[in-house]
Amino acid sequence: MSTRKEDLGGYDVIIIGGGPAGLSAALILGRCRRRVLVCDSGQYRNDAAHAMHGFLSRDGIAPSELRRIGREQLQPYGVEIREVAVADVRREAKRFEVTLEGGERLLCRKLLLATGLVDRLPELPGLPAMYGKSVHHCPYCEGWESRDQPIGVYGQGCTGVVLALNMKTWSDDVILFTDGPASLPRGEAQRLARHGVGVREERIARLEGRDGMLERVVLEDGSSVERRALFVKTRLEQRSDLARKLRCKVTEEHGVETADRHEETTCEGVFVAGDASRDVLLAVMAAAEGADAAFGINCALQEEDLA
Ligand SMILES: Cc1cc2nc3c(=O)[nH]c(=O)nc-3n(C[C@H](O)[C@H](O)[C@H](O)COP(=O)(O)OP(=O)(O)OC[C@H]3O[C@@H](n4cnc5c(N)ncnc54)[C@H](O)[C@@H]3O)c2cc1C
């Protein structure tokens, strides 16, 4: 007679999210001979990007290729991967019950949230087609590719000032577009001027270019400013509300918060890795956090099994 555990699955770990964080954790946990399931709804944060930069040994690789290699290298370890969204999670005694979209329910001992973030873009006509090609949010990802080019920065208040000054690391020709009165504190305006950053306060009508490549920023007064790249600050939101459902502490600033060790959240047995926990938002960091969480999860399982 089968037990309830078998009926419902019974994994050591269910990893929710199959980006760099989730796949990296799966690799370590698979090698620890854990029974692991990765559930992935396939809405990767960097879907708009053609190449991923700054990942040791994989600089410039297509994000989909990194994931393909990552999945391929899980095969020897028997990690299961399912293309499915997790609709709900809840604690059930010492386990977690995970409900997949479609209603199937599975049990696991530990949960890893590697569910990532969503970028909400500024509402500028023309921007969506250029995002990931010539409009970017991350200087570390695309600053080098825009080096020595005429760069625009879109942003208001101190956020815009900081991003504009940061871009001076990659180009001498930086203009800050505030899309309305800049209303900057005197010191900040002077700082921009001292470092040769121009400021345009006119409202923006649209971005113009070809094949996703920015050529100019057109202002509402009819004038335009030639630029080859625009860096913007995006508004970041959790891709998933599962952490909140589990009552993990989640803040605007830090995302899903970790307690003191190896990416465990404020909710015992629930770990978080990658962008969802909002440290440095780079793929290599997501992978590193995935490995750290896997280490924490395996140690926790060992403590339970070998007490
Ligand atoms: C345009 C762009 C360009 C970028 N370029 C670079 C770069 O050049 N270099 C770099 O280092 N970083 C870059 N980044 C950042 C990088 O994409 C992230 O740091 C990285 O993807 C984070 O990995 P992750 O695994 O945490 O999240 P993700 O890669 O976003 O993966 C999260 C996964 O979880 C899944 N998921 C969410 N909720 C559920 C659920 N309920 N059930 C099942 N699955 C779920 C999602 O569908 C997704 O597949 C870029 C980001 C953007 C937006």
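Counting starts at 1 for both ligands and their atoms, in listed order. Scope of the values below: all heavy atoms of this structure, side chains included, with no hydrogens, waters or symmetry mates.
The 4.0 Å heavy-atom shell around ligand 1 contains residues I16, G17, G18, G19, P20, A21, C39, D40, S41, G42, Q43, Y44, R45, N46, A49, A51, M52, H53, V84, A85, V86, A114, T115, G116, D119, Y131, H137, C141, R239, S240, L242, G274, D275, L281, L282, A283, A286, ordered by chain and number.
Sorted by first and then second residue, the side chain to side chain donor-acceptor pair (under 3.5 Å) pairs with a member in residues 177-187 read Y154-D179; sequence neighbours excluded.
Side-chain atoms of E264 come within 3.5 Å of backbone N or O of G269 as a donor-acceptor pair. Of the possible polar contacts, none joining the R191 side chain to the E188 backbone as a donor-acceptor pair under 3.5 Å is found.
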Name the atoms and distances for all side-chain donor-acceptor pairs under 3.5 Å in residues 270-289, with sequence neighbours left out.
from : atom 1 : to   : atom 2 : distance (Å)
D275 : OD2    : R45  : NH1    : 2.8
S277 : OG     : G274 : O      : 3.0
S277 : OG     : E289 : OE1    : 3.1
R278 : NH1    : E252 : O      : 2.6
E289 : OE1    : G274 : N      : 2.8

Side-chain atoms of residues 192-202: list all donor-acceptor pairs with protein atoms under 3.5 Å, sequence neighbours left out, distances to 0.1 Å.
from : atom 1 : to   : atom 2 : distance (Å)
R200 : NE     : E202 : OE1    : 3.2
R200 : NE     : E202 : OE2    : 3.3
R200 : NH2    : E202 : OE2    : 2.8
E201 : OE1    : A182 : N      : 2.6

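Linking Ile, Leu, Val, Met, Phe, Trp and Tyr residues whenever their side-chain heavy atoms come within less than 4.5 Å places I297 and V36 in a single cluster.
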